[in-house]
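Note sheet for the following structure.
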Amino acid sequence: MSERLIMHIDLDAFFASIEQRDHPEYQGRPLVVGAKPGRRGVVATCSYEARRYGVRSAMPISEAARRLPVEAVYLRPDINRYGAVSQQIMTALQSLSPVVEKVSVDEAFLDITGMELLIGNAESIGQQAKQLIHDQVGLTASVGIGPNRLIAKLASDYQKPDGLTVVTADQVEAFLNPLPLTVLRGLGSKSAPILQRLGLRTIADVRRLSLLELRRQLGNLAGTNIYQQAQGIASDRVDDQSTRKSISKETTFDQDITDPAILRESLHWSAQEVGYVARQEHRKGSLVTLKIRFRGFDTHTRSRSLTTPTSADQEIFKTAWELYRNEPWDDQPVRLIGLGISGWDGAIDKLERQPDLFGDPAPHTEVRQDRLYQTLDEVSGKFGKHAIRLGSKRVDSKTESESE
DNA sequence: TCTGGGGTCCTAGGACCC
DNA sequence: TCTGGGGTCCTAGGACCC
C-alpha cells in the first residue's frame, strides 16, 4: 500500500475572525463570541487580542469579563452566518482534493495522497489550501500535513495562527516526543490526571508505558487507543460521506425554572427546531431523548424508542414531555431542558449510498429465496444484525407489491 | 469564576432469549 | 430452594471534542 498523506485544516479563531473581518471597527480589539457578560454561558471563541488576557474557549463568561479591559467586544454567535462561510470554504477545498471530510464548522480533513505528482510537494499543497481560503473568504487557517489524521491534526495545532506544518513518516516520533500528553485524543480532564499522577508529562513518557499498564490505568479500549496514538498510529482514512447520528436542541435558562408551563413551552420550541432540521435532512429518528439539568450541574437523560421513526414536531414533543412528566423530579428548579432524536441507524445511510449491495437495482420480477438469503448474509456480515431487518423489510415490501 | 450548545463514543446494568 | 453462559437490545450516565 502506498503511503497516505492527510491534511488537516483548522480556521483560526473562526467565529471571532469572521466578526473582525465583517466589522473593521473590531479589528485589533479583544473580541469574545459567546454569552453576554452578566448572563449564563461561556466563551465560544475569542480573538487573539483577547487570548493575550488569558481568555480561552469554554471559559465562563463572567471570568472572561473579569480578565478583559472595558473596550472588549462581546457578541452572540450568529451560527447561520458562520455556517455559510464554512460552506464556502468546504466547497473551495474540493477544488483541491475531491475527498474533503468536514469535521466541524471550522475544521476539515483532506486526503491529498498522490497529489504531489500533480501539484507539488506537501508544503506547496498546504500553501495552496491557505491561499485558497484567503482568496475565497479572507480568513487565515492553520494547516497540518502528516501520514495520518492524528499527526495532521497535531501538526495544524503546532503553529498557530496562520501556520503550516508538515510531518513526514520518518519525523513522526521526533515530532511527538516532546509534546504534552494532553494533546492525545481522548485524554481529557479525567483521564489525563491519571497518567500525570504516574509522573508522565510528554508523549515520550507515555510511550514508556506498556500496553498492559495503559489498559490497567485507562481501561482496555482507551488504554489501547492511547498506546497506539503515542506511537503515532492512527486512522489515515478520510470519510467524505460521514453523516450525523443525532439532532438535538437544548436551552439553559438565565434563571432556574420551576414553572412547568415554561418547560413545556421550551420543549415544544425545541421539538419544532429538531423536527425542522430532521425533515430538511430527510431523516426520521426512532429514539427521543429528554435532557434535563438541575442545580449543581446535576444532569439526567431519559429516552424512549418509538415503534415508528418520526420527524414530526408534535410526536417528538409529546414523547419528550411524557418522559419529563413520567419522572418524579420533585419540582427541582431546572437549569437546562432539551431534547434530541437519533436512531436512524448508520446502516440506513450506508444502504442508501450503496444500492448495489442488493445486486442490480433494476426491477426484478421475482425474488429468489436463495438469492435473498445470500444477500442478507452479505449485509449482516458487513453491517451487523440491524441491516438484516432493513434488508428483509425492503425485500418484503417488494414481494408484497408484486403479489398485489 | 460557575460551568453553552451541538455532537460522538464508551461503559455498564438489566431484560430477555436460547 | 437453586439457578450456567452467551448474546443482544435498551437505557442512563459520563468522558470527551469543537
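We use all heavy atoms of the structure for the numbers below, so side chains are in, but hydrogens, waters and symmetry mates are not. Proteins come first, then strands; the chains are lettered A, B, ... in the order of their sequence lines, and each starts at number 1. Just so you know, these numbers come straight off a predicted model, no measurement behind them.
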Side chain of A:Glu250 (C-beta onward), nearest among B:dT8, B:dG4, B:dG6: B:dG6
Atom pair distance, as rounded to whole Å: CE in A:Met59 and P in B:dT1: 12 Å
A:Glu19 and A:Tyr82 side chains, donor-acceptor separation under 3.5 Å: yes
A:Arg67 side chain near B:dT1 phosphate (N/O to OP1/OP2, under 4.0 Å): no
Touch class at under 4.0 angstrom, heavy-atom based, for A:Ile247 against every strand present: sugar-phosphate
Euclidean distance, atom NZ of residue A:Lys102 to atom P of B:dG6 [Å, nearest integer]: 15 Å
Electrostatic pair A:Lys160:A:Asp10 at N-O distance under 4.0 angstrom: yes
Side-chain N or O of A:Arg335 closer than 4.0 Å to phosphate OP1/OP2 of B:dG4: yes
Anti versus syn assignment for B:dC2, with syn defined as within 90° of 0: syn
Set of residues satisfying salt bridge (charged side-chain N to carboxylate O under 4.0 Å, His left out) with respect to A:Lys130, sequence neighbours excluded: A:Asp162
Salt bridge (charged side-chain N to carboxylate O under 4.0 Å, His left out) partners for A:Arg56, two or more places apart: none
Sugar-phosphate only, base, or nothing, as touched by A:Arg295 at under 4.0 Å among non-hydrogen atoms: nothing
B/S/- contact track for nucleotides 11-18 of chain C, protein heavy atom under 4.0 Å: SSS-SSSS
For A:Ser47, side-chain hydrogen bond (donor to acceptor under 3.5 Å, both in side chains) partners two or more places apart: A:Glu49
Contiguous pairing runs of three or more, Watson-Crick or G-U under 3.5 Å, that involve DNA chain C: B:5-18 with C:5-18
Position toward the 5' end of DNA chain B (nearest nucleotide), A:Ser62 or A:Ser57: A:Ser62
Atom-to-atom span, CZ of A:Arg66 to P of B:dT3 - whole angstrom: 13 Å
Distance in Å, A:Ile341 CD1 paired with A:Thr289 OG1, rounded so as to fall on 0.5 Å steps: 10.0 Å
Nearest-angstrom distance from the residue atom NZ of A:Lys291 to P of B:dG6: 9 Å
d(CD, A:Glu281; P, B:dG6) in whole Å: 14 Å
P-based separation of B:dC2 from C:dC18 [nearest Å]: 27 Å
Qualifying residues under salt bridge (charged side-chain N to carboxylate O under 4.0 Å, His left out), relative to A:Lys190, sequence neighbours excluded: none
From B:dG5, B:dT3, B:dT8, nucleotide with atom closest to A:Leu336 side chain: B:dG5
Proximity to DNA chain B (any heavy atom under 4.0 Å), residues of residues 41-54 of chain A only: A:Gly41, A:Val42
Toward the 5' end of DNA chain B, by each residue's nearest nucleotide, A:Leu221 or A:Thr251: A:Thr251
Distance below 4.0 Å between A:Ser246 side-chain N/O and B:dT8 OP1 or OP2: yes
Ion pair check, A:Glu322 and A:Arg325, cut-off under 4.0 Å: no
Under 5.5 Å and under 30°: A:Phe297 stacked on B:dT3: yes
Using residues 144-152 of chain A as the side-chain source, report each donor-acceptor pair under 3.5 Å to any protein atom, sequence neighbours left out, with the distance given to one decimal.
from	atom 1	to	atom 2	distance (Å)
A:Asn148	OD1	A:Leu150	N	3.0
A:Asn148	OD1	A:Ile151	N	2.9
A:Asn148	ND2	A:Gly232	O	2.8
A:Arg149	NH1	A:Glu101	OE1	2.8
A:Arg149	NH1	A:Arg237	O	2.8
A:Arg149	NH2	A:Glu101	OE2	3.1

All side-chain hydrogen bond (donor to acceptor under 3.5 Å, both in side chains) counterparts of A:Gln131, not counting sequence neighbours: A:Asp135
C:dT3 to B:dC16 separation - P atoms, rounded to the nearest Å: 22 Å
Set of residues satisfying side chain to side chain contact (heavy atoms under 4.5 Å, CB included) with respect to A:Ser97, sequence neighbours excluded: A:Val99, A:Leu110, A:Ile112, A:Met115
Nucleotide B:dG4, atom C1' - distance to CD1 of A:Ile79 in whole Å: 10 Å
Spacing of the P atoms in B:dG14 and C:dG4 (rounded, Å): 15 Å
Length of the line joining A:Gln255:CD and B:dT3:C1', which is rounded to integer Å: 16 Å
Phosphate OP1/OP2 of B:dG5: any A:Lys249 side-chain N/O under 4.0 Å: no
Salt bridge (charged side-chain N to carboxylate O under 4.0 Å, His left out) partners of residues 173-185 of chain A, not counting sequence neighbours, each pair once: A:Glu173-A:Arg207
Sequence-distant partners of A:Glu123, salt bridge (charged side-chain N to carboxylate O under 4.0 Å, His left out), two or more places apart: none
